[in-house]
Amino acid sequence: MELLPLLTWVILAHAMAYLAWTAAARRRQSRCYLLDYVCHKPRDDRKLSTETAGDVIQRNVRLGLTDYRFLLRVIVRSGIGEETYAPRNILEGREDTPTLQDSLEEMDAFFDEAIAELFARTGFAPIDVDVLVFNVSMLSPSPSLSSQIVRRYGLREDVAAYNLTGMGCSAGLIALDLARNALRTRPRALALVVSSESIAPNWYSGTDKSMMLANCLFRCGGSAVLVTNDPAHRGRAKMELSCLVRANIGASDDAHACALQREDGEGRVGISLSKALPKAAVRAFAVNLRRLAPRVLPVAELARFTARHLARRLFFQFPQMQGSGSGKQQNGGDAAPKINFKAGVDHFCLHPGGTAVIEAVKQSLGLEDEDVEPARMTLHRWGNTSASSLWYVLSYMEAKGRLKVGDRVLMVTFGSGFKCNSCVWEVTGDMADRGAWADCIDAYPPETLANPYMDKFGWINDVDGDTLML
Ligand SMILES: CC(C)(COP(=O)(O)OP(=O)(O)OC[C@H]1O[C@@H](n2cnc3c(N)ncnc32)[C@H](O)[C@@H]1OP(=O)(O)O)[C@@H](O)C(=O)NCCC(=O)NCCSC(=O)CC(=O)O
């Protein structure tokens, strides 16, 4: 062969090999394996019992009988049990006068216990961490809390540290998304993703109902998660991330306003949760699912759904085709066809934002009680711990021994904005840790989720008049 064509072939072959190698390396780097996670279990002396919660309410001199009745109704229906955790300043009667130190101590207790446990369990050392993403919505000190973690654990000088605030309960998956993207630019790297919420400085002591609601739902908690793109660790990973989808419908005024930090009429700051929140959650969920479904569902289910959807539109356009009323019933009446997510997902790890939020998602996905049991039990045991909640839900499934190799887990989170973020994991390894649920998982689900508030304070509803002297 002549030299020139030979050289051309060699160069072409070399270029092709290089391109194939780069593409394979890029694919490897875009993998995201969950090595392990820890959900924070605060000390027992931080449990917020019914009596203590009653004391907190009674010492608020602004509240009247109608406020007590409202709080009683909401806490009874909230789905929250007696074992959730509060920060020390509230337990010590200082919810109205929190100090910066109170806020930092709440975070420190979480950092000291959960992150240390994660390193101990996985065998990784703080100096192995290449990327740190920390998120907490309602606290933003300087230096940032991610810097506090760098200092507390002595992370490397070249660690890429990020600090997300103000992003609400769905920020747990935003933090994961950020970590995954940061890993893509680093071969064989390790990311620590830490999520929590700051309760200590955010107790609302006014009388606006939509702001009082937050006191009933939000409780202390936090999660620390280790992920990597290093294929060498695939064998020891618990799960591999299949896809992650984000949706933000904040351009709509009512969606933007449904979870909002604001001042009430008397200038007291709190988080206002509007009655429209569950509906906004369903809307954001629908937007999210439109992009998620094609990535996780089999073609047959997508084809079935599309056919039924088109048929329904056709029937609406040409009502004479519907025939008699019985024919309409045979076609499922006027109900919109539901996509069957169970065709591509085995477990539903839903944000336990509140009973109404869980119920709204259950209805819109056509799920069974069993599917939402992990979210309901998490709400009962831990309350709404904001961005870390979904890891408690996952931990419930794991502690119950429900997660088997090959299973697909859908995580769905909602948060102020209004945002719905979701992702799908595939279980790749052994998942048998009881984690934060270790001492109580056998008691779940309990026979009843009723909490003792009605037994203890139900007499309030029998009091005549509008005032009550305590
Ligand atoms: C609060 C509930 C437990 C109450 O349950 P019920 O079954 O009793 O429902 P209900 O609708 O009859 O409400 C009981 C009473 O509370 C009032 N009520 C209900 N929701 C209210 C709200 N948002 N603001 C003001 N009042 C409200 C009702 O008018 C009624 O009062 P009356 O009897 O006087 O008419 C439930 O509605 C719920 O779970 N809501 C969703 C909570 C939520 O928003 N979670 C998201 C947290 S934010 C989050 O997780 C993400 C983030 O922040 O980023």
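Whatever order the structure lists ligands and atoms in, that order sets their numbers, starting from 1.
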Which donor-acceptor pairs under 3.5 Å do the side chains of residues 351-359 make with protein atoms, sequence neighbours left out?
unit_1	atom_1	unit_2	atom_2	d
Thr355	OG1	Arg77	O	3.3
Glu359	OE1	Arg376	NH2	2.9
Glu359	OE2	Gln363	NE2	2.9

Check your understanding: Counting N and O atoms only, with roles assigned by atom type, does the side chain of Glu106 sit under 3.5 Å from a partner on the main chain of Ile199, one being a donor and the other an acceptor?
Key ->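 It does hold such a pair.
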What are the atom names and distances for all N or O pairs under 3.5 Å between ligand 1 and the protein?
unit_1	atom_1	unit_2	atom_2	d
ligand 1	7 (O)	Arg77	NE	3.0
ligand 1	7 (O)	Arg77	NH2	2.7
ligand 1	8 (O)	Arg73	NE	3.3
ligand 1	8 (O)	Arg73	NH2	3.2
ligand 1	8 (O)	Arg77	NE	3.0
ligand 1	12 (O)	Arg73	NH2	3.0
ligand 1	23 (N)	Leu273	O	2.6
ligand 1	23 (N)	Lys275	N	3.4
ligand 1	29 (O)	Lys275	NZ	2.9
ligand 1	39 (O)	Thr355	N	3.3
ligand 1	39 (O)	Thr355	OG1	3.3
ligand 1	39 (O)	Ala356	N	3.0
ligand 1	45 (N)	Gly353	O	3.0
ligand 1	50 (O)	His351	NE2	2.8
ligand 1	50 (O)	Asn384	ND2	2.9
ligand 1	54 (O)	Cys169	N	2.7
ligand 1	54 (O)	Ser416	N	2.9

Exercise for review: Please identify each residue that fulfils ring-ring contact (aromatic ring centres under 6.0 Å, His included) with Phe134, with sequence neighbours left out.
Suggested key: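 Here the qualifying residues are Phe111.
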Check your understanding: In terms of ring plane angle, is the pair Trp391 and Tyr37 parallel, tilted or perpendicular, where the classes change at 30° and 60°?
Key -> tilted
Check your understanding: Tell me the salt bridge (charged side-chain N to carboxylate O under 4.0 Å, His left out) pairs involving residues 377-403, sequence neighbours left out?
Key ->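 Found Lys238-Glu398, Glu373-Arg402.
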**Study point:** Option among Asp36, Ile115, Thr122 that satisfies the side-chain contact (heavy atoms from CB on, under 4.5 Å) test with Leu226
**Key:**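 Single side-chain contact (heavy atoms from CB on, under 4.5 Å) partner of Leu226 among Asp36, Ile115, Thr122: Thr122.
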